[in-house]
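Just so you know, these numbers use all the heavy atoms, side chains as well, and skip hydrogens, waters and symmetry mates. Computed from a prediction, not measured in an experiment: that's the story for all the values here.
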Amino acid sequence: MKCENTLASLLKKGKSVLEESGIEEAGLDAWLLLEYETGKNRAFFLAHPEEEVGEKQAGEYLQLIRQRSLHVPVQQLTHQAFFMGYEFWVNEHVLIPRQDTECLVEEALGCLKGMEHPRILDMCTGSGCILASLLLELPGSTGVGADISCEALEVARRNLHTYGLEDRAVLVQSDLFANCFFDMGRDGTTELFDMIISNPPYIATAEIDRLTEEVRRHDPRIALDGKEDGLYFYRAITAQAERFLKPGGCLLYEIGYDQGETVPELMRQSGFAEVRKQKDLAGCDRVVCGRKRM
């Protein structure tokens, strides 16, 4: 008797369901979920498409497909996201790391090149992917990840633990610089960083409902909402950043595609020097960098 559930038949079912639900990358997503559920890679699939899949595992796969058909992101279903060549654990409490943000990390690495023991603050750290990537690429570095969300910090803590970075990083629950941690120097002075880096919420509140269903319904709103004009967190962080930077220290932001004029101007008005922009692979303004004056 022919088995009802084979790798090939399940992939076909999954793709069909996702296509009917209007999922743009139906074939790819159906495959990613099948690979995740069965542990079989594409080479195995091509060699053994009629490999039988047990009833329980097939049912779990089709449940994942049903969730994806409701536009739950694949990364939230698999808890896997890849960033800067590293794998990070994610859930519904953090933004899924995006390739555009790799431009921010690459720019940061350029700014810190040659520095033996840079001290980094990742404000609005979320999953911790930015901070962890920098620490992994810069073996002598240490850092702090701050976020208002305790759920997000649990995700970041898990990711730091995966890469054995707990001894090089501290996580702080804080509404930007509000936590007393930032004023805990023994002599009452503020801890200074070589770099403050941030991918803050930068979507104007009214724009959120116009985003894709995956983003507006399943990304945490607190990680998206940049208040009325999308610039709230840039203003708030920039206004205090100099206080926490060493002379010559860098402030780096990821920005929205239409913020390439406003955010640099905010930084210049706050006294930052050498303010410049960097585009992403799509040619959109993506990163803004400036230095505290010496």
Side-chain angles (χ1 to χ4, degrees), residues 84 101-126 128-148 153 156 160 163 165-200 202 231-255 259 263-278 286-294:
M84 293 295 295
T101 305
E102 293 186 0
C103 299
L104 179 66
V105 174
E106 289 165 357
E107 190 68 22
L109 291 172
C111 293
L112 296 172
K113 186 177 181 180
M115 194 175 293
E116 289 189 5
H117 302 290
R119 183 78 168 148
I120 302 162
L121 170 60
D122 179 18
M123 184 60 73
C124 308
T125 194
C129 67
I130 292 173
L131 179 61
S133 296
L134 288 171
L135 296 181
L136 289 166
E137 294 293 318
L138 300 166
S141 61
T142 58
V144 175
D147 204 290
I148 196 172
L153 289 173
L160 290 171
Y163 290 105
L165 296 171
E166 304 101 313
D167 293 340
R168 293 169 54 199
V170 175
L171 296 175
V172 180
Q173 185 178 8
S174 183
D175 185 358
L176 302 183
F177 298 99
N179 192 299
C180 61
F181 170 88
F182 291 105
D183 292 308
M184 63 183 295
R186 293 180 183 176
D187 58 357
T189 60
T190 299
E191 179 180 7
L192 297 181
F193 297 91
D194 296 287
M195 174 175 287
I196 298 175
I197 188 168
S198 184
N199 179 16
Y202 59 68
L231 298 173
Y232 173 85
F233 291 95
Y234 297 116
R235 292 191 185 97
I237 296 171
T238 304
Q240 299 187 68
E242 274 200 306
R243 180 182 166 211
F244 297 94
L245 281 171
K246 297 176 183 177
C250 292
L251 174 61
L252 275 81
Y253 289 123
E254 177 172 329
I255 61 170
Q259 295 170 328
V263 175
E265 186 58 26
L266 283 173
M267 293 174 67
R268 292 187 188 99
Q269 289 175 3
S270 292
F272 281 87
E274 301 177 36
V275 177
R276 54 190 172 81
K277 298 181 291 186
Q278 181 67 37
R286 183 60 59 186
V287 176
V288 176
C289 175
R291 287 189 181 273
K292 178 178 177 178
R293 297 181 187 276
M294 298 297 290

- Note, Cys289 side chain near Gln278 side chain (heavy atom, < 4.5 Å): no
- Query: Would you find a donor on one side and an acceptor on the other, under 3.5 Å apart, between the side chain of Glu191 and the backbone of Phe182?
  - Reply: no
- Task: Return the minimal non-hydrogen interatomic distance between Cys124 and Asp147, and the atom names on each side.
- Result: C-OD2, 3.4 Å
- Query: Any donor and acceptor pair, going by atom type alone, linking the side chain of Lys292 with main-chain N or O of Glu242 inside 3.5 Å?
  - Reply: yes
- Item | Atom OH of Tyr232 with >12 non-hydrogen neighbours under 6.0 angstrom | no
- Any donor-acceptor pair under 3.5 Å linking the side chain of Arg293 with the backbone of Gly271? yes
- Query: Quick one: does Ser198's side chain have a donor or acceptor within less than 3.5 Å of a partner on Met123's backbone?
  - Reply: yes
- Task: Would you give the length of the straight line joining atom CG of Leu136 to atom SG of Cys129, rounded to the nearest 0.5 angstrom?
- Result: 11.5 Å
- Query: Does some side-chain heavy atom of Ile120 sit less than 4.5 Å from a side-chain heavy atom of Ser141?
  - Reply: yes
- Item | Modelled atom types, side-chain donor and acceptor of Thr142 and Arg119, under 3.5 Å | yes
- Could you tell me whether the side chain of Arg235 and the main chain of Leu266 form a donor-acceptor pair under 3.5 Å? no
- So, does Arg268 use its side chain to make a donor-acceptor pair with the main chain of Ala273 at under 3.5 Å? no
- Just how far is it from atom OH of Tyr202 to atom CD of Glu254, taken to the nearest 0.5 Å? 4.0 Å
